[in-house]
Amino acid sequence: MATATTEHYRAYSPKPFTRAERDSVTVVFGGLHWRVERVIQAVLENGGNKAEVLPVATKEDLLTGREVADIGQCCPTSFTTGNLVNFIKKKSDELGAEEVTKKYVYLTAGSCGACRFGQYHQSYELGLRNSGLGAFRMFLLAQDQLDQKAAMGDGLDLNLPMTLGCLWGIFCTDLVQDLEYQVRPYEVGPGQTDAVVKESVEYLYEMFRNRPRRDSWRSITWHLTSSYFTKALREIHRKFSAIEVDRLRVKPTVKITGEFYLQTVEGDPNYNIHRWLEAEGAEVYPAAIAVWMDYLLRLGLQRFEDYSGIERGARLKLGAGRVAQAIYRWNYARLRRAMGDLPHELPNQFELRRLAAPYFNSRLDGGEGDMLVGKALWSYQRKKAHMICELSPYSCMPNTMSIGAMAGVLGKYPEILYAPLEIKGDAEVHALSRCQMILTEAKKRAQKEFDEALAAAGLSLEGVRAYVDKHPEMKRATYRVPHGDAVGTAANLVHHVAQRLGRRG
């Protein structure tokens with residue numbers, strides 16, 4: 001009788017990445033959207049490293065991830081595992097596996113253990129090992145413990161200047177992405193927005209790559225007080241001003257929420273949902289990474305809230321943390337101002353928690369936690385979006401809980417248009433069909449809102465268009481239409497024109 005050999009679980013333990021290897025080894029990373037990835041590449045290069053961004057994950061990567069790791073894992077894990085394996089395979093075909101192991105290291109993030117995001121690292125290791133590439137080096141950065149020099153080695157300096165560079169890179173690219181999605185649906189010349197965005201991101205890449213180097217503490221002061229980044233964003237604002245827009249196209253606004261990876265990436269991993277919504281006639285309100293990081297700050301401070309007055313120093317730590325969060329938000333607002341206050345503001349985390357509190361416990365911190373429910377209510381009550389599109393990975397436990405909680409929200413607010421999409425990676429038709437049904441209702445709502453705005457102001461579409469034609473500055477992408485009583489861009493423009501004409505709008 002044959003005896004099966006069982007290989008027991010063993011924790012992944014890579015060989016370190018040393019400073020001596022810095023000139024010959026390339027740091028590979030990915031999993032976000034292309035704008036922020038390009039700027040983080042510049043930050044790494046500014047720190048003396050060679051860096052390369054993984055290509056956008058595809059359906060082929062999904063199949064590879066399922067084949068070489070765990071077929072039952074959630075689709076973000078399969079996409080990212082397959083993406084890494086296929087990238088290393090391709091490099092190995094070109095250079096040989098041994099040479100690739102010497103010349104590349106992979107840097108990735110870890111998170112909580114409530115979902116499979118906490119197991120990515122092991123999936124990558126399993127996938128590479130099953131592909132005969134087990135010697136390849138990977139390093140995990142836990143969100144609550146960035147300094148892992150003991151395991152990683154000193155090839156990558158995760159110091160304050162680099163961390164601040166990544167943070168500022170997220171701020172700047174969030175702002176560019178937000179403005180991009182406000183402009184593209186209304187551009188008169190097709191492709192003009194994409195060209196400006198590409199040019200702007202390359203401009204940011206050069207700015208971050210050539211960022212002046214400072215020691216740790218001077219770096220904090222410099223980032224908070226320097227006009228280096230605000231000047232760059234004002235220049236990008238100027239580039240956007242060349243785009244002509246027609247904001248009288250009536251479009252529903254769709255807020256993207258959900259699991260971090262799915263709401264952030266743009267491509268096959270989420271059925272290209274951003275571009276698909278635009279093609280279907282919607283204006284997309286994208287999910288900013290800065291909002292997620294603000295949420296993590298708030299979440300980290302909750303423990304000190306509970307222990308204030310009980311644990312020594314908790315109140316002091318809470319106060320210091322609140323100051324840090326206020327500085328974080330102030331800085332984002334400062335950079336946003338350089339873009340003419342056109343990108344959306346950061347939602348107040350405490351307001352999101354308060355809104356979600358009757359439906360979801362704020363201590364449940366998997367996925368977006370209570371923020372997912374809070375953002376849906378915030379978007380509805382503050383007239384930020386006609387519709388919420390929530391993206392959840394198949395079998396994602398934290399998001400399943402949030403969707404369950406949303407049943408209670410919809411019971412009280414049945415007028416909220418809410419489209420929870422379970423993303424499996426290979427069930428595109430089903431997911432998009434579901435989204436399309438709710439989007440149809442959102443389009444009707446946007447049109448009704450627009451017609452009511454015209455009626456309230458006693459204006460016609462032709463009359464408003466004639467007024468805009470006489471004021472060409474209103475056709476610029478950087479002209480700021482105040483967010484008034486309406487959700488949609490077109491309806492708010494009607495209200496704005498009515499006010500300028502001295503009418504009741």
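Nearest heavy atom pair, residue E180 against residue T193, reads O-CG2, 3.9 Å. Taking both residues in full, the closest heavy atoms of L204 and A232 are given as CD2-CB, 4.3 Å, listed atom of the first, atom of the second, then distance. When all heavy atoms of D61 and V56 are compared, the pair lying nearest together is OD2-O, 4.1 Å. A pairwise comparison of heavy atoms in A69 and T81 identifies CB-CG2, 4.1 Å as the closest pair. The shortest heavy-atom contact between P347 and R329 is O-NH1, 3.1 Å. Closest approach of Q263 to K375, counting heavy atoms only: OE1-NZ, 4.0 Å.
With respect to the salt-bridge test (charged N to carboxylate O, under 4.0 angstrom), the residues E235 and R238 qualify. Taking 4.0 Å as the cut-off between side-chain N and carboxylate O, E45 and R209 count as a salt-bridged pair. Taking the charged nitrogens against the carboxylate oxygens, E202 and R38 do have a contact shorter than 4.0 Å, which makes a salt bridge. Salt bridge present: R500 and E473 bring a charged side-chain N and a carboxylate O closer than 4.0 Å. Salt bridge status for D469 with K475: present, with a side-chain N to carboxylate O gap under 4.0 Å. With respect to the salt-bridge test (charged N to carboxylate O, under 4.0 angstrom), the residues D194 and R275 qualify. A salt bridge is defined here as a Lys NZ or Arg NE, NH1 or NH2 lying under 4.0 Å from an Asp or Glu carboxylate O, and E266 with R35 meets this definition.
Cation-pi contact between R354 and F350: absent, since separation from the ring centre below 6.0 Å together with deviation from the ring axis within 45° is not met.
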Donor-acceptor pairs under 3.5 angstrom involving side-chain atoms of residues 383-393: please list them, not counting sequence neighbours.
residue	atom	partner	partner atom	Å
K383	NZ	D485	O	2.8
K384	NZ	E345	OE2	3.0
H386	ND1	T253	N	2.9
H386	NE2	E449	OE1	3.1
E390	OE1	Y418	OH	2.0
E390	OE2	S392	OG	3.3
E390	OE2	N399	ND2	3.3
S392	OG	N399	ND2	3.1

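In this structure the side chain of W168 reaches within 4.5 angstrom of the side chain of N331, judged on heavy atoms. Side-chain contact between I289 and F260: present, with at least one pair of heavy atoms (C-beta onward) separated by less than 4.5 Å. Counting only heavy atoms from C-beta outward, the side chains of L342 and H237 approach each other to under 4.5 Å. Side-chain contact between F208 and I40 is absent, with no heavy-atom pair separated by less than 4.5 Å. Proximity of I170 to L32: side-chain heavy atoms (C-beta onward) are nowhere separated by under 4.5 Å. Side-chain contact between L461 and V494 is absent, with no heavy atoms from C-beta onward closer than 4.5 Å. By the 4.5 Å heavy-atom criterion applied to side chains, H344 and K255 are not counted as neighbours. The closest side-chain heavy-atom distance from M474 to V481 is not below 4.5 Å.
At least one donor-acceptor pair under 3.5 Å links the side chain of E187 to the backbone N or O of G191. Checked by atom type and distance alone, the side chain of N83 pairs as donor or acceptor with a backbone atom of P55 at under 3.5 Å. Side-chain atoms of R353 do not come within 3.5 Å of backbone N or O of S362 as any donor-acceptor pair. The backbone N or O of A477 sits less than 3.5 Å from a side-chain atom of R247, completing a donor-acceptor pair. Panel note: side chain R336, backbone D341; a donor-acceptor pair is recorded below 3.5 Å. Judged purely by atom type and a 3.5 angstrom limit, Y413 has no side-chain atom pairing as donor or acceptor with the backbone of Q381. Looking only at distances, no side-chain donor or acceptor of R249 sits under 3.5 Å from a matching main-chain atom of G281. Checking side-chain atoms of N270 against main-chain N and O of L262 turns up a donor-acceptor pair under 3.5 Å.
Using a 3.5 Å distance cut-off with no hydrogens or angles, the side chains of E368 and S402 do not pair a donor with an acceptor. Using a 3.5 Å distance cut-off with no hydrogens or angles, the side chains of R298 and Q302 do pair a donor with an acceptor.
To the nearest 0.5 angstrom, F79 atom CZ is 4.5 Å from L62 atom CG. Atom-to-atom distance recorded for L421:CG and I256:CD1 is 8.5 Å, nearest 0.5 angstrom. Here E422 contributes atom CD and I403 contributes atom CD1; the two are 7.0 Å apart, rounded to the nearest 0.5 Å. Here the OH-CD distance, from Y380 to E415, works out to 3.0 Å after rounding to the nearest 0.5 Å. For the atom pair M339 CE and C172 SG, the distance stands at 8.5 Å (nearest 0.5 Å). To the nearest 0.5 angstrom, N46 atom CG is 12.5 Å from Q41 atom CD.
Of the candidates R465, K251, R476, D246 forms a salt bridge (charged side-chain N to carboxylate O under 4.0 Å, His left out) with just one, namely R465. Considering F87, Y124, F29 in turn, Y124 is the only one that fulfils the ring pair (Phe, Tyr, Trp, His ring centres under 6.0 Å) rule with Y106.
Classified by interplanar angle (parallel below 30°, tilted 30° to 60°, perpendicular above 60°), the ring pair Y181/H274 is tilted. The aromatic rings of F171 and Y328 stand perpendicular to each other, their planes meeting at an angle above 60°, with 30° marking the opposite boundary.
Centroid-to-centroid, the aromatic rings of Y271 and W276 stay 6.0 Å apart or farther.
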